[in-house]
Structures are given as C-alpha cells and as structure tokens.
Amino acid sequence: FIAGLNTALKNVYAGDVKKFWKAVGDTPRTQEVLGAAMPPQAGSALLETSSIDDWAQLAQKSPGKFASALYTLQLRTDKEDANYAFIAGLNTALKNVYAGDVKKFWKAVGDTPRTQEVLGAAMPPQAGSALLETSSIDDWAQLAQKSPGKFASALYTLQLRTDKEDANY
C-alpha cells in the first residue's frame with residue numbers, strides 16, 4: 001500500500017503532493033496506514049543521501065541528541081548490514097574511549113573517511129521517531145499542506161522502513 005502511494009504520487013499526480021493528498025488523504029486505508037505512522041523526518045531513511053554536516057552540527061550543538069541519534073542509527077541498522085559493526089564500534093568508542101564526550105569524539109573521528117562514508121549517507125535519526133509510533137493522520141495532512149517536499153520524502157522514507165513482507169507495504 002505504501003509503495004502504491006509513492007507510485008501514485010510520482011506517476012499519477014506528478015509529485016503534486018497537495019492534489020495527491022486531496023485525492024487520497026481521507027480514504028479509509030490511507031487513514032488506517034498513515035494514521036498509525038508518524039511522518040518520518042525528511043531525509044532520515046538509513047543510508048539515504050545526506051550530509052555529514054548534519055552529524056557535525058548535532059555533535060557541536062546538541063551532544064545528547066547526537067549520542068541518541070548514533071545509538072538509534074545502530075538500533076535501526078540490521079545486524080547483517082555491512083555498516084552495522086562500524087556503527088556499533090562508533091557507539092562503543094563514544095561510550096568507552098571518550099566517556100560520552102561527543103565533542104572530543106567527533107573531533108577525533110568525524111573527519112575519517114569511513115565515518116564520512118557511513119554517517120554521511122545517513123541523516124541523524126530523530127530520537128524516538130520509530131516507525132509506527134502513536135500519531136494522527138493530521139500530522140500527514142499538515143505536512144502535505146505546509147511542506148510538500150517533506151511529505152514526499154517522509155512517504156518514501158516510510159516505504160523504505162516498511163518490511164516488504166508487511167501487509168501495509
């Protein structure tokens with residue numbers, strides 16, 4: 001279903017989120033599926049193209065959020081993923097080597113090629129933004145009206161995060 005929504009947004013509505021939402025936003029199935037999922041933060045899909053600058057900024061301005069985002073990234077990364085061990089190692093280093101000092105940690109590892117590659121391809125997850133949190137369809141409606149680009153990105157992110165075996169996929 002979610003994949004179908006993305007296809008319809010792209011192919012039927014040519015990316016016009018407002019027309020798309022007007023047509024499908026109040027259907028029972030859309031209400032059921034999207035009403036149970038908080039719109040993911042735009043660009044927060046694991047290994048989606050993003051900028052290492054987001055991580056650097058978070059490390060400098062919100063060390064607690066950085067630590068939370070790095071741990072959330074580890075939790076969301078499949079243990080079979082080639083990047084899992086590296087992400088888990090970053091968390092271990094932050095905790096055990098740098099005693100949680102995010103600024104020192106980032107200064108030491110933030111510009112290494114592997115950190116740039118792995119974290120540069122993943123937007124820092126928002127703490128507590130796990131898929132299928134309690135939410136309201138109103139969040140999606142508001143996003144469709146006020147930030148069409150973010151809506152499209154959030155819908156695609158939701159598709160990427162939904163297991164293909166899930167009945168809602």
Original post:
Could you go step by step and tell me if Asp101 and Lys107 meet the side-chain contact (heavy atoms from CB on, under 4.5 Å) rule?
Top reply: CA-CA 10 Å; Asp101 188 326; Lys107 187 174 182 182; over 6 Å; no

Original post:
Are Trp21 and Thr30 close enough, and set up right, to give a side-chain contact (heavy atoms from CB on, under 4.5 Å), and what steps lead you there?
Top reply: CA-CA 10 Å; Trp21 189 254; Thr30 300; 4.1 Å; yes

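Note: Lys79 NZ to Ile87 CD1 = 13.0 Å, rounded to the nearest 0.5 Å. How far CG of Asn91 is from CZ of Phe86: 11.0 Å, rounded to the nearest 0.5 Å.
Within the 3.5 Å criterion, the main-chain N or O of Gly110 finds a donor-acceptor partner in the side chain of Gln116.
One hydrophobic cluster, built from ILVMFWY side chains closer than 4.5 Å, holds both Leu90 and Tyr98. In this structure, Phe1 is a member of the same hydrophobic cluster as Leu9, with clusters built from ILVMFWY side-chain heavy atoms closer than 4.5 Å.
Nearest heavy-atom pair, Lys103 versus Gln60, reported as atom, atom and distance to 0.1 Å: CE-O, 3.2 Å.
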